[in-house]
Amino acid sequence: MGVVVASAPAKIILFGEHFVVYGEPAIVTAIDKRVYAKAEFREDKRLHIRSENLNLAGYFEDDVFKVEEGEEKKARFKLEPIKVAVNEVLKIKGEKLGLNIEVNSTVPVAAGLGSSAATASSVTLAVAELLKLKISKETIFRIAYEAEKIVHGTPSGVDPAISTFGGMLLFQVDTGFKPLNVEADLPLIVCDTGIERSTSVQVAKVRSVKERHPQIFESMMKTARGIVLRAVDALKNNDLKMLGELMNLNHALLYGLGVSDESLEWLINIARKAGALGAKLTGAGGGGCMIALTENEKLETVLEAVQKAGGKAFIAKKTDVGVKIEKL
Ligand code: MEV
């Protein structure tokens, strides 16, 4: 009957989160941490889903959900997007089949690293391959985006795009995305505050700022765009000093929107004091992860400093490998 395993990368947003929801560009890169999804057939018509790292399991049968591991409401909320992705693939196949889905991941969850989008795209490819459907990356992106809407409300689509296509992208809602061919590996540290947060809550916070201060928000958007455009040039020239400065400026905007928090500020300041060229929150904020850019020689010093300060940190490497089949 066969088993298929697919994987998709996590991501970090280097510049432009939140403003990207309102049409501004963002720069995002896929990193070398992946989510793995395994798909196999079942005898019955149930869709059984187990998430190893979330310690959640349950099954859907005709839209009725039964929890098997974890708290019911949480399990349904976290597993529902996977059901949406699977159902979209089954719709293409035009058959109703029972499946077992198992998700495994080395990506911290609810931390701004795109674990839900990487889950959706890896599940989509694993199921499509199991059903012997040849689907394009555009289709995987579209399905993962549908699943993301369940989790995040009004996502820009940046997360499903990067987890599907990999590499480094300049992403914009209206114009789509274009690969940024950056040769050099950026010396980047990702540090998790350990505070789990919800993207939709942070996005709603920003929407409320936008509604209460439309003109101020407008000029912040313009500034954010300017930062992203300068960052594209700095990336092309491998100008790390400029990139660091731009990261600090970008963080100042995000701080102004109210999506930073004490845990992020603490680690960002530690990283800067330890010699980082720049540091900012990444993703939605409100906890989750920060990133720090350093010169190569300072990488270990900054890493140790944020770890000592309580952050769970690692050195991130860019990957060009988007969603892919691991095992047939
Ligand atoms: C989440 O990774 C990035 C946000 O800009 C939301 C989105 O773009 O959908 C905060």
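Indexing begins at 1, ligand by ligand and atom by atom, following the structure's order. Keep in mind that the numbers below use all heavy atoms, side chains included, and drop hydrogens, waters and symmetry copies.
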Would you call the rings of F60 and F65 parallel, tilted or perpendicular if under 30° counts as parallel and over 60° as perpendicular? tilted
Can you tell me if T29 uses its side chain to pair, donor with acceptor, with the backbone of K318 under 3.5 Å? no
Here the atoms of ligand 1 under 4.0 Å from any heavy atom belonging to E17 are 5 (O)
Return the minimal non-hydrogen interatomic distance between A161 and F177, and the atom names on each side. CB-CE2, 3.8 Å
Closest to atom 6 (C) of ligand 1 among protein heavy atoms sits V21 CG2, 3.8 Å
Can you list the ligand 1 atoms lying under 4.0 Å from a non-hydrogen atom of P155? 9 (O)
Any N or O on T154 sitting closer than 3.5 Å to an N or O of ligand 1? no
Contact with ligand 1 for E148, non-hydrogen, under 4.0 angstrom: no
Over 60° means perpendicular and under 30° means parallel, so tell me whether F141 and Y145 are parallel, tilted or perpendicular. parallel
Short list, please: which atoms of ligand 1 are under 4.0 Å from a heavy atom of A284? 10 (C)
Do E17 and K280 pass the salt bridge (Lys or Arg N to Asp or Glu O under 4.0 Å) test, and can you show the C-alpha distance, the side-chain angles, and the key distance before you say yes or no? CA-CA 11 Å; E17 52 273 269; K280 65 182 274 292; 2.9 Å; yes
protein heavy-atom neighbour closest to atom 3 (C) of ligand 1 works out as I13 CD1, 3.6 Å
May I ask you to check whether H18 has an N/O atom sitting below 3.5 Å from an N/O atom of ligand 1? yes
Identity and distance of the protein heavy atom lying nearest atom 7 (C) of ligand 1: S156 OG, 3.3 Å
Say whether, by atom type as modelled, one donor and one acceptor occur between the side chain of S122 and the main chain of A118 under 3.5 angstrom. yes
What atoms of ligand 1 come within less than 4.0 Å of a heavy atom belonging to V158? 8 (O)
May I ask you to say whether K134 pairs ionically with E129, meaning some side-chain N is under 4.0 Å from a carboxylate O? yes
Considering the heavy atoms of V20, write down every atom of ligand 1 situated less than 4.0 Å from one of them. 5 (O), 8 (O)
Non-hydrogen atoms of A305 and I270 that approach each other most closely: O-CG2, 3.6 Å
Note: ligand 1 atoms sitting under 4.0 Å from heavy atoms of K11 are 2 (O)
